[in-house]
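Heads up, the thing below is written out as structure tokens.
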Amino acid sequence: MIYKKKLIEVALPLEAINVASAREKSIRHGHPSTLHLWWARRPLAAARAVIFAQMVDDPSAHPDIFPTEKKQEKERQRLFRIIEELVKWENTTNETLLQQAREEIWQSWRYTCAENAGHPRAKELFDRYKLPAFHDPFAGGGALPLEAQRLGLESYASDLNPVAVLINKAMIEIPPKFAGKQPVNPEWQQKSIAGKMGREWKGAQGLAEDVRYYGQWMRDEAEKRIGHLYPKIEVTAAMAEERPDLKKYVGGKLTVIAWLWARTVKSPNPAFSNVDVPLAACRN
Ligand SMILES: C[S@@+](CC[C@H](N)C(=O)[O-])C[C@H]1O[C@@H](n2cnc3c(N)ncnc32)[C@H](O)[C@@H]1O
């Protein structure tokens with residue numbers, strides 16, 4: 001195989017990638033981190049940048065087009081500008097920019113295919129109309145396969161941990177199957193029958209609408225069946241003595257954010273023989 005040096009082997013605009021990666025940590029809305037907790041999650045910005053830079057040739061690999069170091073550096077800087085835009089969170093769904101990035105990847109791939117036309121398995125391995133697929137066998141939270149898919153590669157993910165597999169299924173495998181489809185939940189079906197819909201469902205928007213609808217349905221059902229086990233708690237003056245921040249809520253009711261369930265036994269202390277004592281220890 002005739003190999004061409006990739007951009008990642010020469011240089012990356014690290015400052016821009018670092019800034020975007022750090023910023024991503026505080027983004028909640030629309031970020032995969034809100035789908036499910038994953039401990040070793042990699043920033044999407046970094047994943048996007050490294051996949052792009054692995055797929056795109058470094059200009060020094062094309063001395064016929066960029067014969068001098070100066071020309072190579074100028075071209076490298078052009079690719080850097082694309083990466084600097086690509087890593088910004090706001091551009092995650094910027095189709096114009098993503099299409100530009102995909103086109104760069106295709107361009108490098110076409111060069112690779114042309115150079116390897118004489119390879120004995122060229123038809124199968126170097127098809128200029130089919131990008132190589134991407135597989136992350138240790139996909140974890142799925143940052144890399146998600147970004148590979150975004151950059152136009154056919155993406156596969158696997159992992160030893162079933163939680164990681166579930167995250168990747170939800171993020172990479174299922175949404176493309178419903179791409180462009182309208183929701184199927186009864187609320188939208190009614191609207192569709194009434195002819196009130198008339199909108200275009202881009203990407204996974206229809207699926208997201210269904211996830212919201214059925215997620216709410218499950219929440220409501222859970223509340224109906226077990227909600228009584230999680231009552232709101234009245235804030236008393238005694239509570240506010242230990243927690244002055246609760247003072248303004250005294251007499252009111254607040255939602256408890258965490259419950260600890262414990263078995264209880266009758267108190268072995270004869271002075272409290274009718275009192276139920278929780279079998280739980282508290283460590284500070
Ligand atoms: C550092 S994490 C990957 C993080 C991931 N790149 C991300 O962005 O979230 C490494 C992953 O490898 C998985 N793993 C470890 N040993 C494995 C094995 N033998 N086969 C498959 N997956 C394995 C772990 O379950 C873990 O999810």
Side-chain angles (χ1 to χ4, degrees), residues 3 5-58 79-80 82-95 97-102 104-106 108-109 130-179 203-205 207-208 211-212 215:
Y3 179 76
K5 195 175 255 189
K6 300 294 170 190
L7 182 63
I8 198 168
E9 295 176 76
V10 179
L12 281 177
L14 288 177
E15 185 56 27
I17 299 170
N18 289 346
V19 169
S21 300
R23 227 193 105 210
E24 231 183 88
K25 291 201 168 176
S26 56
I27 289 164
R28 306 297 302 153
H29 188 77
H31 195 278
S33 58
T34 57
L35 181 72
H36 197 288
L37 176 69
W38 188 254
W39 301 268
R41 184 174 287 289
R42 303 290 177 265
L44 300 184
R48 203 175 303 150
V50 297
I51 293 170
F52 178 81
Q54 279 175 58
M55 297 301 296
V56 170
D57 295 342
D58 183 70
L79 295 171
F80 278 12
I82 296 177
I83 296 180
E84 284 162 8
E85 287 304 308
L86 207 54
V87 294
K88 289 182 186 158
W89 172 255
E90 299 72 35
N91 286 334
T92 308
T93 53
N94 179 338
E95 260 312 307
L97 179 66
L98 288 169
Q99 203 41 47
Q100 188 188 358
R102 289 176 197 134
E104 295 292 341
I105 292 173
W106 273 103
S108 288
W109 177 240
K130 192 171 189 295
L131 284 175
F134 175 95
H135 178 208
D136 184 352
F138 306 95
L144 287 160
L146 177 69
E147 292 309 323
Q149 191 176 68
R150 205 190 304 280
L151 289 172
L153 304 174
E154 190 179 323
S155 195
Y156 295 89
S158 49
D159 200 288
L160 190 67
N161 184 328
V163 175
V165 171
L166 189 67
I167 293 174
N168 279 279
K169 268 192 181 295
M171 222 162 53
I172 296 141
E173 186 183 312
I174 296 172
K177 290 187 180 167
F178 295 91
Q205 282 176 340
L207 176 66
V211 170
R212 263 189 292 273

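Worth knowing before you read on, the calculation uses all heavy atoms, side chains too, and leaves out hydrogens, waters and symmetry mates. Counting starts at 1 for both ligands and their atoms, following the listed order.
- Geometrically, ligand 1 and D159 share a nitrogen or oxygen pair separated by less than 3.5 Å.
- The two residues R48 and L151 come nearest to each other via the heavy atoms O-CD1, 3.7 Å.
- Here the shortest heavy-atom pairing between A148 and I51 reads N-CD1, 3.6 Å.
- Salt bridge present: E95 and R102 bring a charged side-chain N and a carboxylate O closer than 4.0 Å.
- Residues S108 and M55 fail the side-chain proximity criterion, which asks for heavy atoms closer than 4.5 Å.
- Pairing each heavy atom of I172 with each of L146, the nearest pair is CD1-N, 3.8 Å.
- Taking every heavy atom of G140 and a limit of under 4.0 angstrom, the matching atoms of ligand 1 come to 9 (O), 27 (O).
- The A139 neighbourhood of ligand 1 comprises atoms 5 (C), 6 (N), 7 (C), 9 (O), with distances under 4.0 Å to a heavy atom of that residue.
- With a heavy-atom cut-off of 4.0 Å, P137 touches ligand 1 through its backbone alone.
- Remark: ligand 1 and L160 share an N or O pair separated by less than 3.5 Å (distance only, no angle test).
- Taking a cut-off of under 4.0 Å to the non-hydrogen atoms of W38, the atoms of ligand 1 that pass are 9 (O), 27 (O).
- Listed by number with element, the atoms of ligand 1 under 4.0 angstrom from any heavy atom of R41 are 9 (O).
- Ranking the protein heavy atoms by distance from atom 4 (C) of ligand 1 puts A40 O, 3.8 Å first.
- Contacts with ligand 1 closer than 4.0 Å are made by heavy atoms of both the backbone and the side chain of R42.
- Regarding atom 15 (C) of ligand 1, its nearest protein heavy-atom neighbour is F138 CD2, 4.1 Å.
- Here the protein heavy atom with the shortest distance to atom 9 (O) of ligand 1 is G141 N, 2.8 Å.
- Near N161, the atoms of ligand 1 lying under 4.0 angstrom from a non-hydrogen atom of the residue are 25 (O).
- Atoms of ligand 1 lying under 4.0 Å from any heavy atom of A143, numbered from 1 in the order shown and given with element: 8 (O).
- When only interatomic distances are considered, the shortest N/O to N/O separation between A164 and ligand 1 does not fall below 3.5 Å.
- Looking only at side-chain heavy atoms (C-beta outward), L79 and V56 come within less than 4.5 Å of each other.
- With salt bridges taken as basic N to acidic carboxylate O contacts below 4.0 Å, none links E9 and K6.
- When non-hydrogen atoms are compared, ligand 1 lies under 4.0 Å from neither the backbone nor the side chain of S158.
- In plain terms, the two heavy atoms of S158 and H135 that are nearest each other are OG-NE2, 2.9 Å.
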